[in-house]
**Q** 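Structure provided below as structure tokens; questions to follow.
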Amino acid sequence: MSEYLTTSQGVRLPDTDHSLKAGRRGPTLMEDFHLREKITHFDHERIPERVVHARGAAAHGVFVSYGTDLTRARFLAEEGHETEVFVRFSTVLGSRGSADTVRDTRGFAVKFYTDEGNMDLVGNNIPVFFIQDGIKFPDIIHAGKPHQDREIPQAQSAHDTFWDFVSLHTEATHHVFWNMSDRGIPRSYRTMEGFGVHTFRLRDAEGNTHLVKFHWKPVSGVHSLVWEEAQIAAGVDPDFHRRDLADSIDAGAFPEWELGVQVLPDDGTETFAGIDLLDPTKLVPEELAPVVKLGRLTLNRNPTNYFAETEQVAFHTGNLVPGIEVTNDPLMQARLFSYLDTQLTRLGGPNFTQLPINRPHCPVNDMFREGMHQSEIHEGVTPYKPNGLDDDRPLVDEDDGYTQTPRLVEGEVGRGNPVSFDDHFTQAALFYRSLTPVEQAHVAEAFTFELGKCLEQTIKERELAVLAHVDPALASIVAEGLGLAVPGGIPAVGDVEPSPALSQVVTVPGPIAGRKIGVIADDDSDLAGIRTLRKALLKQGAELLVIGPRGGFIGKGRSKEMTQRSALTARSIEFDAVLVAGGTGHRPDLKTVILLQEAYRHCKGVGAWGDGAEVLTGAGIPADGPGVLHGESADKAFSTELIATLGLHRVWQRADDVMADAV
Ligand code: HDD
């Protein structure tokens with residue numbers, strides 16, 4: 001890299017601020033090769049955004065294996081084996097510049113640069129999918145994307161075409177329930193589960209096989225936003241998740257997940273406990289097949305250049321290494337075509353695998369030649385096999401090369417699904433009935449909100465009929481909210497065995513690394529207390545941010561504290577808890593009142609020490625409200641209670657009182 005500014009040909013430039021003109025007043029000369037080159041390159045800076053999952057954020061990291069006998073894939077089989085990874089998270093529906101916190105499915109795509117070649121696990125934060133056959137993918141996406149006449153609404157499902165489609169195409173029901181639950185609005189990427197969705201086949205060195213479903217379990221626990229918070233964040237900080245990911249990594253609070261698999265017999269039936277394993281709208285409850293942990297993923301490095309890495313990374317479900325295979329799931333089969341195909345347009349030709357972010361970290365010799373944007377200078381004259389001029393090199397590896405497990409395929413050519421794919425409602429009921437009451441209330445609110453945004457009455461009624469199939473009580477709540485009646489005579493799913501693992505409400509405090517705690521303070525506040533509390537939180541990997549009356553410093557004399565936020569820049573959505581420091585002025589201004597009330601309404605920890613409590617009361621926060629913390633000082637007892645409150649994520653006991661306001 002030159003120390004001097006140059007043209008793309010390496011010629012040094014004396015000036016890049018003025019174009020070449022005939023005289024000071026004009027006209028500009030064609031001769032100005034620097035002007036022409038600079039503008040031409042700029043004109044072509046954008047590439048097509050991804051047709052889905054356009055909005056994303058990514059990070060580099062490492063995967064360390066726990067070791068397993070299930071597969072011969074070295075990056076999983078060998079205990080302690082370290083593999084570099086690049087992970088991209090995304091929303092599905094929105095454009096590249098859309099907000100992070102919209103209600104949507106999140107992509108969770110992992111590229112393992114293994115020493116046996118690149119392996120991509122292109123998953124989501126929801127374990128099931130809208131469609132059973134990839135041929136329906138354009139339909140669900142066309143229905144979910146903005147209306148084609150006015151290109152609105154952006155990045156959301158709360159509109160007629162989405163609900164028109166899913167109410168007719170009822171195999172989407174299970175996925176829609178996950179979207180309408182808290183899973184559709186994650187707190188951060190760090191607190192999302194990930195799923196491979198499809199059933200995969202693992203093969204060990206002896207050729208034994210198992211069917212598996214991949215899971216990513218976040219070490220920080222599974223947590224979400226509340227709906228009002230998500231909506232505010234979409235305007236106040238559209239980069240909420242992207243910022244959180246980058247900030248956490250910068251702060252050394254590295255996001256971590258454990259990779260695991262549910263292991264299912266490969267006995268030729270392709271079913272388990274009556275569940276069709278080729279149907280991607282079905283999950284296997286963890287109570288029936290526990291998740292066996294295979295290794296740990298740590299994201300520890302932010303990308304240096306968004307375009308070169310996060311934008312140009314290309315995932316492909318067909319990037320597999322020996323020992324990991326796909327199954328006949330018709331959704332997966334279509335994906336195997338789509339990913340490579342889409343990159344040809346998006347990245348401008350077949351050589352995108354040479355881009356630094358996509359290049360395998362092991363030696364490659366594919367005999368592919370030429371094409372747009374070729375950046376290799378290949379040697380020799382024999383990019384073909386067999387050849388006699390180069391001893392028939394490169395070699396083929398008959399022992400360790402990628403092979404598929406031999407499997408018999410027979411059947412009549414035709415279109416259609418197995419009969420087992422016809423049950424569209426049982427697992428939606430399983431999911432809904434496994435949630436806690438507060439989570440169920442969120443689902444009801446979400447359906448009511450989204451259908452309330454639809455204009456066509458028939459669409460709302462049709463979806464109410466779908467809900468009545470799944471759970472009549474839920475259908476009634478939503479119908480009441482919409483001011484409609486539940487259609488009669490609809491057979492509902494009977495009893496199901498709930499799967500508690502599907503709920504994300506925790507009763508035992510989890511880790512709080514990466515959480516943010518806002519402390520309202522002014523010049524008279526107890527700054528020593530703030531410092532004590534910061535130390536205690538830092539030990540847990542959480543960050544304390546001082547919210548002052550203005551920018552700069554607060555404090556008197558020699559004791560000063562830098563404010564990280566001011567009354568102007570602070571908004572509750574950024575914080576997992578909001579406190580008032582002792583000594584802080586007693587009459588809260590309107591912004592402080594809003595800040596505290598929002599935090600309270602969103603069921604976050606709020607509290608104060610010393611006479612800071614008067615600010616809370618002044619803001620209308622009930623002193624004896626659940627999760628309202630009080631301390632004489634910011635001592636150990638106070639920080640211990642705060643950490644426990646944060647570890648439970650939300651104070652759901654408050655939900656009944658505040659829920660109505662949060663819709
Ligand atoms: Fe897909 C991108 C996940 C079904 C076609 N998909 C994409 C990404 C994720 C997923 C995470 C973003 C990757 C990135 O960050 O670059 N997709 C899924 C999951 C599915 C799924 C979990 C179902 C289980 N996808 C699916 C089907 C098709 C596609 C059925 C087409 C038949 N997906 C694509 C695509 C994208 C894509 C058009 C757009 C950008 C890209 O591939 O690279 O090929």
Side-chain angles (χ1 to χ4, degrees), residues 61-85 87 108-123 127 193-219 256-273 275-278 280 282-298 317-329 332 360-362 397-408 501:
V62 63
F63 176 79
V64 183
S65 168
Y66 297 157
T68 179
D69 294 333
L70 286 166
T71 173
R72 52 163 292 202
R74 264 205 300 274
F75 81 104
L76 293 175
E78 289 176 12
E79 189 184 338
H81 194 103
E82 291 194 11
T83 303
E84 289 174 284
V85 295
V87 181
F108 193 131
V110 182
K111 188 178 287 293
F112 298 89
Y113 302 94
T114 89
D115 52 17
E116 296 179 290
N118 282 358
M119 162 79 213
D120 293 353
L121 191 54
V122 196
E193 275 184 295
F195 302 92
V197 181
H198 311 281
T199 303
F200 289 76
R201 178 173 279 109
L202 294 187
R203 182 153 56 122
D204 69 15
E206 277 73 52
N208 305 309
T209 59
H210 288 89
L211 298 181
V212 296
K213 290 206 167 258
F214 283 105
H215 292 244
W216 290 106
K217 297 277 184 196
V219 172
E256 288 190 306
W257 287 261
E258 283 186 296
L259 177 67
V261 280
Q262 288 179 289
V263 185
L264 312 158
D266 191 9
D267 56 9
T269 65
E270 293 168 335
T271 58
F272 179 77
I275 300 162
D276 194 326
L277 298 176
L278 297 190
K282 308 285 191 319
L283 54 78
V284 176
E286 288 182 33
E287 290 76 8
L288 301 183
V291 175
V292 178
K293 304 283 174 61
L294 298 182
R296 197 175 180 98
L297 163 72
T298 307
T317 46
N319 288 351
L320 299 160
V321 294
I324 304 181
E325 301 169 31
V326 297
T327 55
N328 291 343
D329 172 345
M332 173 51 113
H361 293 188
C362 65
D397 186 347
E398 288 177 3
D399 300 324
D400 286 332
Y402 189 97
T403 52
Q404 278 83 0
T405 301
R407 61 186 201 274
L408 196 65

**Q** Do V326 and T317 touch side chain to side chain, with heavy atoms closer than 4.5 Å?
**A** no
**Q** I'd like to check R72 versus P322 (side-chain heavy atoms, cut-off strictly below 4.5 Å). Are they in contact?
**A**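 The answer is yes, as the side chains (C-beta and beyond) meet within the 4.5 Å cut-off.
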**Q** Which heavy atom of G117 sits nearest a heavy atom of C362, and at what distance?
**A** N-SG, 3.5 Å
**Q** Do L202 and I324 make a side-chain contact, defined as non-hydrogen atoms from C-beta onward lying under 4.5 Å apart?
**A** yes
**Q** As a test of understanding, state which of V291, L297, V110, L121 forms a side chain to side chain contact (heavy atoms under 4.5 Å, CB included) with L259.
**A**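 The option that passes is L121.
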**Q** Looking at every non-hydrogen atom in both residues, tell me the closest pair between P285 and I275 and how far apart they are.
**A** CD-CD1, 3.8 Å
**Q** Excluding sequence neighbours, so at least two apart, what forms side chain to side chain contact (heavy atoms under 4.5 Å, CB included) with D399?
**A** D397
**Q** How would you list, by chain and number, every residue that makes a salt bridge (Lys or Arg N to Asp or Glu O under 4.0 Å) with D69, sequence neighbours excluded?
**A**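 Here no residue qualifies.
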**Q** Under a 3.5 Å cutoff, is there a donor and acceptor pairing between the side chains of T327 and D329?
**A**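 No donor-acceptor contact under 3.5 Å links the two side chains.
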**Q** Sorted by first residue and then second, give each salt bridge (Lys or Arg N to Asp or Glu O under 4.0 Å) pair with at least one member in residues 109-118; sequence neighbours left out.
**A** R74-D115, R74-E116, K111-D120
**Q** In chain order, what residues pass the side-chain hydrogen bond (donor to acceptor under 3.5 Å, both in side chains) check against E270, with sequence neighbours excluded?
**A** none
**Q** Only counting residues at least two apart or in another chain, list the ones meeting side-chain hydrogen bond (donor to acceptor under 3.5 Å, both in side chains) with R296.
**A**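 Partners of R296 under the side-chain hydrogen bond (donor to acceptor under 3.5 Å, both in side chains) test: E256.
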**Q** If the plane angle is over 60° it's perpendicular, under 30° parallel, otherwise tilted; pick one for F75 and F112.
**A** tilted
**Q** Could you list the residues that satisfy ring pair (Phe, Tyr, Trp, His ring centres under 6.0 Å) with F272, not counting sequence neighbours?
**A** none
**Q** Where is the tightest heavy-atom contact between A273 and L288, given as atom of each residue plus distance?
**A** CB-CD1, 3.9 Å
**Q** Mind telling me whether F63 and W216 have parallel, tilted or perpendicular rings, with 30° and 60° as the class edges?
**A** perpendicular
**Q** Only counting residues at least two apart or in another chain, list the ones meeting salt bridge (Lys or Arg N to Asp or Glu O under 4.0 Å) with D276.
**A** none
**Q** Does F214 have any ring pair (Phe, Tyr, Trp, His ring centres under 6.0 Å) partners at least two apart in sequence or in another chain, and if so, which?
**A** F200
**Q** Quick one: salt bridge (Lys or Arg N to Asp or Glu O under 4.0 Å) pairs with a partner in residues 205-219, sequence neighbours left out?
**A** E193-K217, K217-E286
**Q** Suppose we screen for side-chain hydrogen bond (donor to acceptor under 3.5 Å, both in side chains). Which residues come up paired with T83, at least two apart in sequence or across chains?
**A**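 Scan of T83 (side-chain hydrogen bond (donor to acceptor under 3.5 Å, both in side chains), adjacent residues dropped) gives none.
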**Q** For E82, which residues count as a side-chain hydrogen bond (donor to acceptor under 3.5 Å, both in side chains) partner, sequence neighbours excluded?
**A** none
**Q** To check you understand the geometry: which heavy-atom pair defines the closest contact between L211 and P265, and what is its length?
**A** CD1-O, 3.9 Å
**Q** Taking ring pair (Phe, Tyr, Trp, His ring centres under 6.0 Å) as the test, write out the residues that go with F195, two or more places apart.
**A** H215
**Q** Is the count of non-hydrogen atoms from other residues, nucleotides or ligands lying under 6.0 Å from E287 atom CD greater than 12?
**A**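 Check passes, neighbour count above 12.
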